[in-house]
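These notes concern the structure reproduced below.
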Amino acid sequence: MSTVEHTIKLYNSLKGQKEEFKPLHPGYVGMYVCGPTVYSDVHLGNCRTFTSFDIIYRYLMHIGYKVRYVRNITDVGHLTDEGEDRMSKGARVAQLEPMEVAQKYTVGFHDMMRIFNTLPPSIEPRATGHIPEQIKMVQDIMERGYGYERNGSVYFNVRKFDQENPGVYGNLSGRVLDDLLAESREGLKSQGEKDNPVDFAIWMKARSGDIMVWESPWSVGFPGWHLECSAMSTKYLGQTFDIHGGGNDLKFPHHENEIAQNLGSCGCTPANYWLHANMLLLNGKKMSKSDGNTITPMELFTGESPFVTKGYSPMVVKFFMLMAHYRSTLDITDEALQAAEKGFRRLMETNSILQKMDPHTADFDGSESDTDRTILRLIDEAYAGMDDDFNTAIALATLNELGSYVHKLANQQLDHTEVAPWVLERLKTIFNAFIFDIFGLNDEADGGDDGTVDGLMQLILDIRAAARAQKDWGTSDKIRDGLAAVGIAVKDGKEGTNWTKG
RNA sequence: GAGCAUGUAGUCAAAUGGACAAAAGGCGCCAGAUUGCAGAUCUGGAGGUGCGGGUUCGAUUCCUGCCAUGCUCUCCA
């Protein structure tokens, strides 16, 4: 039984267009997202990808889906440009056990995901914990004739796969196999033991010095990089599932090879919908360690970077990400972050004003005003934005428009009777839902306070109000300036005096 | 070198084959209201579809060339 009333449209990379989302089982969604390779600190770009999919996860749940969200940890098999396992290399460099490296960066990754207030996935499987499943998949692929062994390593026969499944390989990334073959023809001489340069390893025989190795029917070795996602998505979501996500840069070859492996092992397409989050830029350029155009999440938070004039809190960074659509590149600039900081604070304050409002039931005449209709229309627009490929930019813009009604009410520029009690209640519910449940923001300003500060502030502001009543501006301003010095902003309004921290 | 994307005010960014009041929204800027002042808030305003060609009654949107930027591939597991 499905209770989901929303029709979601999402951009399917497989088709290159938006289409209506139809889950395999009504009311349920299976979603797999390629997680990090834990051999170094998490990259800011990864934070965007996982934040984007966290919001997709949250939204699907919000509208009533039961979602199983699987996001893996890759801790073996992903090789560096020099052909060394990334985990092993990390271990060698730091003189640690590979599992120590994996543990260190997995913990760091989890910490960062918590800092960004993302929900943990339903299942977070590790590649090293699924070696038997991966070996089984290699066997299945070989049985179906798409794998061949060379000196203890096993390769996936891309050309044969393409001949028997025309149009599949390259479809996701918009590549033509013949072009790939032609391009790599020059490299024929150095293709090693592969029959064809486009073939890829699904099992690698260990070389001397490799430390992360397992027994297999072919050799002591380790699984190929792309295999773990195929094996683990199959294990936890089934041979065919709804959504597969990841960063845009994984489209080729990683996701293309994943599809080939799944089809090659069981003859079935893995995911119906492929979603790809786009890249983060820094000052209009790609982030790159080699030319110094890069910033880590921690540097962004602390402000210890030449690219920012100050630190920006995790929620500000997250809010900044929400201002763009997940499928667009997003350019990080100091100015844009400052804008996001103000926008975020404003939205949170608007919400806190809204949540304190009482509906005016006493003098409500039961009619529906133009304001009511506008508010309801804007709420629908916010949902319509999210329904249309999770467009957080539209949802956010709509919340801002709704916010101006909140302030008009608070300033008595709009009469309370203009908003029906039930409309106000709905507005309050929707604001909380979008900000906290869907976007996963949190109010950093009121964290960890037991009410002492509230009490103190009340006392101080009472004293100041008394001074102001006497037109004692000296005392009034001394209090305001003193509080400003410790980071508390005092704002006088029609309804009395407000204060905010930060 | 190849494939695929993207290019929207000062800035980040959304949307759209048209007309409407009107190409969202955030930040910045200007003016007014409010205020003891400041802030916040409200109202109003200035400012934009990279360059050229094509399709169309009409193009920011579709096609195409150029330029710029990005991703992937070009060596390999």
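Each chain gets a letter, A, B and so on, in the order the sequences are listed, and its residues count up from 1.
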Partners passing ring-ring contact (aromatic ring centres under 6.0 Å, His included) against A/Phe390 (at least two apart in sequence or in another chain): none

Once you round it to whole Å, what is the distance between P of B/rG28 and CG of A/Leu337? 14 Å

Report the residues that fulfil salt bridge (Lys or Arg N to Asp or Glu O under 4.0 Å) with A/Glu341, sequence neighbours left out, ordered by chain and then residue number. A/Lys310, A/Arg345

With 3.5 Å as the limit, what N/O pairs link the protein to nucleotides 22-26 of chain B?
unit_1: B/rA24; atom_1: O2'; unit_2: A/Glu401; atom_2: OE2; d: 3.3
unit_1: B/rG25; atom_1: O2'; unit_2: A/Asn400; atom_2: ND2; d: 2.7
unit_1: B/rG26; atom_1: O2'; unit_2: A/Ala339; atom_2: O; d: 3.3

Say you pick atom P in B/rG36 and the same atom in B/rG45; how far apart are they, in whole Å? 28 Å

What is the distance from CG of A/Leu322 to P of B/rA14, rounded to the nearest Å? 12 Å

For A/Asn391, run the side-chain contact (heavy atoms from CB on, under 4.5 Å) check against A/Met386, A/Lys9, A/His325 and tell me which one passes. A/His325

Let me know the distance between CD of A/Gln17 and P of B/rC4, rounded to the nearest Å. 17 Å

Could you measure between the two P atoms, the one in B/rC4 and the one in B/rU43, and give it in whole Å? 47 Å

Whole angstroms only, please: what is the CG-C1' distance between A/Asp178 and B/rA2? 14 Å

note: A/Phe200, atom CZ; B/rC76, atom P; distance rounded to Å ~ 16 Å

Which residues pass the side-chain hydrogen bond (donor to acceptor under 3.5 Å, both in side chains) test with A/Asp199, sequence neighbours left out? A/Tyr148

How far, in whole Å, is B/rA14 from B/rG50 if one measures between their P atoms? 14 Å

Could you check, using the six-membered ring where one of them is a Trp, whether A/His255 and A/His226 have ring centers closer than 6.0 angstrom? no

Distance-only donor-acceptor hits, side chain of residues 166-173 of chain A, under 3.5 Å, sequence neighbours excluded:
unit_1: A/Tyr169; atom_1: OH; unit_2: A/Asn257; atom_2: OD1; d: 2.6
unit_1: A/Ser173; atom_1: OG; unit_2: A/Arg175; atom_2: NE; d: 3.4
unit_1: A/Ser173; atom_1: OG; unit_2: A/Glu256; atom_2: OE1; d: 2.5

Please give me every residue in residues 381-391 of chain A whose heavy atoms get under 4.0 Å of an atom in RNA chain B, ordered by residue number. A/Asn391

Expressed in whole Å, how much space separates the P atoms belonging to B/rA13 and B/rU8? 8 Å

Sequence neighbours excluded, the answer for ring-ring contact (aromatic ring centres under 6.0 Å, His included) partners of A/Tyr405 is none

Partners passing salt bridge (Lys or Arg N to Asp or Glu O under 4.0 Å) against A/Arg426 (at least two apart in sequence or in another chain): none

A/Phe436 meets the ring-ring contact (aromatic ring centres under 6.0 Å, His included) criterion, sequence neighbours left out, with none

For A/Leu280 and B/rC71, what is the distance between atoms CG and P respectively, to the nearest whole Å? 11 Å

Identify every side-chain donor-acceptor pair in residues 375-382 of chain A under 3.5 Å, counting partners at least two apart or on other chains, and give the distances.
unit_1: A/Arg377; atom_1: NH1; unit_2: A/Glu381; atom_2: OE2; d: 2.7

Going by ring-ring contact (aromatic ring centres under 6.0 Å, His included), name the residues that satisfy it together with A/Tyr146, two or more places apart in sequence or in a different chain. A/Phe161

Round to the nearest Å and state the distance from A/His325 atom NE2 to B/rA5 atom C1'. 15 Å

Stacking between A/Trp473 and the base of B/rG36 (centre distance under 5.5 Å, interplanar angle under 30°)? yes

Tell whether A/Arg468 reaches the base of B/rG36 with its side chain through a donor-acceptor pair below 3.5 angstrom. yes

Which atom pairs link the protein and nucleotides 59-69 of chain B when you take only N or O atoms and keep those under 3.5 Å?
unit_1: B/rU69; atom_1: O2'; unit_2: A/Gly284; atom_2: O; d: 3.3

Taking the nucleotide of RNA chain B with the nearest heavy atom to each, does A/Lys408 or A/Asn278 sit closer to the 5' end? A/Asn278

Under the 6.0 Å and 45° cation-pi test, does A/Arg327 pair with A/Tyr11? yes

B/rG36 base to A/Asp477 side chain: any donor-acceptor pair below 3.5 Å? yes

With RNA chain B as reference, determine whether A/Ala201 or A/Asn248 sits nearer its 5' end, using the nearest nucleotide of each. A/Asn248

C1' atom, B/rC12 versus B/rU49: distance in rounded Å? 16 Å

Any donor-acceptor pair, under 3.5 Å, between the side chain of A/Arg345 and the base of B/rC27, if you only look at N and O atoms? no

